[in-house]
Amino acid sequence: MTQFLKKYYHLVLPAVCILAVAAASIAAWLLTEPATSLPAPDDSIQPQPIQHLLSFMPLIIGAILCIPDFFCTTPLRKHSLSFNSLLSIIIAIMLGALTLSERTIVITTNFFFIAVLIGMLTKIITNYKLHNNISVFSRNSAAYTLIPFFIIYFCTIAVSYFWSDNKDYASLIIRRCLVIAAMPLAFSTINISKTQWEYIMLFFFRSSLAFTMISVVCWFSSAKYLNVDCTSFLLPYKHTIASRSSWEWIYRWTDYWHPSYHAWVLGAVIPGAITLLKRKIIGYPEYILYLALVALLVILTQSRIGVLIFATALLLSPFAWLNHNKKLRLTYAIVLIIAAIGLITFALCTENTFSLDSARQNIYRSALNVLKHNLWIGVGVGDLPLALQSPPHQHPHNQFLCDWMQAGIPAIAAELTMIIAVTARALKQHNLTLLIFIAISLLFMLIESPLTLIKGIAVFTTITLFFATQTQHYSRK
């Protein structure tokens, strides 16, 4: 049985995955359909209890799909069960939860920090008894070298609390941003081996694959429920279906995340899966299947930044095969530059369907007006919504403008320094996976303010630090 799985499972897995996820998705729809009714278009969307439960389906299916790899690659039973192994499982669940609800992210992140604290205390006691020291950090880890930059960014945001009038909201934002300072500290206490990294990334990939499949099945189910043709979701401009955006129907089975955040996470999986593909841990059929499903979803959900993120991740990924050929790498880079110029030209020529909408233009205009009078130190971390005066928007949909408005030029300098430090680390390690994630994150930060929301902070910090754990030798392969 083991030999059969080792020889054929890469070919059989996509078909089995499609059937399993389709069956689960139909069951989920049958369960949610009688139990849920969408509120009126002007009401807030509140997920039902059954949806909280069904949101865990990608994690469950992802874990099931990883079972054959325990037999076909180096079996887990050959590795001693350690605290690092337990933390690796928690990190895998954290990454898989990034496509799920904010509640799930908060729970898994808190559980991760609790586990790290227990591990730190254990390590302190052990090191003190054996070596008469209390060192808990791995000083050679990528996370350890990034600690100062993440903490400085957090401090520049936190210090603006003192000139903020809305102290309650300022405290909320600072508590969220505390994760930015705490996450590199936590990761610097963990030693993730190559095998552990592969299993974590494999679970991240498979759970994301399950998420895309469930969402596509719900596209068909929604079309049938609304009695409309499936192609009505594929119009090349912003539109509504039954007074709702298409993504609200397609992601109805989960906790109603914004499609841009889904696209960010799903796009981040693409470069990470390249490593698995090169190591022959996953096969080309399921990788191509994943790319096709992500492309379909970003089109169906009308996510403009999703299209850019998918295109960027897809176009930069071939550099993984061009590491040792400078001429081909240069040629491909020139092709990418030409493609980027063409894409920008296309965006400028199709303003109504692709580039900035009037709402964002108005928000940016309001933000720039605020900066004219608060250029150096900003308005304070808690006064951003009031200063912006663009209800219902709580932030300017641009991370750089957001930090500038909150804490002035020091915040912008700290943010850019943090990003440059991560990029420099990736370049030093030749870590293409991390470089691509930083590239798509910069794109995302141009149209959203992810570091003001717990889900955005979790995505940026967790994926950045996880990808940074690749060693130089590993990322060159």
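Both backbone and side-chain heavy atoms feed into the values below; hydrogens, waters and symmetry mates do not.
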Checking [X] side chain against [Y] main chain: does a donor-acceptor pair fall under 3.5 Å?
X      : Y      : result
Trp197 : Phe466 : yes
Thr423 : Ile419 : yes
Thr464 : Thr461 : no
Lys167 : Tyr161 : yes
Asn431 : Phe467 : yes
Asn398 : Leu446 : yes
Thr462 : Val459 : no
Thr212 : Val294 : no
Ser160 : Val381 : yes
Tyr290 : Leu266 : yes

Is the shortest side-chain heavy-atom distance between [X] and [Y] below 4.5 Å?
X      : Y      : answer
Leu465 : Met183 : yes
Phe400 : Leu416 : yes
Val106 : Lys455 : no
Phe460 : Gln399 : no
Trp219 : Leu296 : yes
Ile190 : Ile91  : yes
Thr108 : Ile90  : no
Phe204 : Ile463 : yes

Closest contact, heavy atoms only, [X] versus [Y]:
X      : Y      : result
Pro450 : Trp264 : CB-CZ3, 3.7 Å
Pro271 : Thr433 : O-OG1, 3.7 Å
Arg206 : Ile281 : NH2-O, 4.3 Å
Arg176 : Ile457 : O-CD1, 3.5 Å
Asn191 : Gln196 : O-OE1, 3.5 Å
Leu209 : Glu286 : CD2-OE1, 4.3 Å

Starting at [atom1] of [X], measure out to [atom2] of [Y] and round the result to the nearest 0.5 Å.
X      : Y      : atom1 : atom2 : value
Tyr251 : Ile214 : OH    : CD1   : 12.0 Å
Tyr169 : Ile174 : OH    : CD1   : 11.5 Å
Ile250 : Gln302 : CD1   : CD    : 8.5 Å
Thr156 : Asp403 : OG1   : CG    : 7.0 Å
Leu432 : Leu427 : CG    : CG    : 10.0 Å
Ser260 : His397 : OG    : NE2   : 9.5 Å

Next on the checklist: Please identify which of these residues, Tyr144, Phe112, Phe113, meets the ring-ring contact (aromatic ring centres under 6.0 Å, His included) condition with Phe187.
Outcome noted: Phe112
Item to check | Step-by-step side-chain contact (heavy atoms from CB on, under 4.5 Å) determination, Met213 to Leu293 | outcome: CA-CA 7 Å; Met213 287 183 164; Leu293 291 175; 3.5 Å; yes
Checklist entry - Can Tyr199 and Ile89 be said to form a side-chain contact (heavy atoms from CB on, under 4.5 Å), step by step? => result CA-CA 9 Å; Tyr199 278 121; Ile89 295 172; over 6 Å; no
Checklist entry - Which is it for Gln406 and Thr452 under the side-chain contact (heavy atoms from CB on, under 4.5 Å) test, yes or no, and what are the steps along the way? => result CA-CA 10 Å; Gln406 288 184 136; Thr452 61; 4.3 Å; yes
Next on the checklist: Students often mix this up, so state it plainly: with edges at 30° and 60°, are the rings of His262 and Phe211 parallel, tilted or perpendicular?
Outcome noted: tilted
Checklist entry - Less than 6.0 Å separating the ring centroids of Tyr261 and Phe444? => result yes
Item to check | Audit row: Val298, Ile309, side-chain contact (heavy atoms from CB on, under 4.5 Å) steps and yes/no | outcome: CA-CA 9 Å; Val298 296; Ile309 286 174; over 6 Å; no
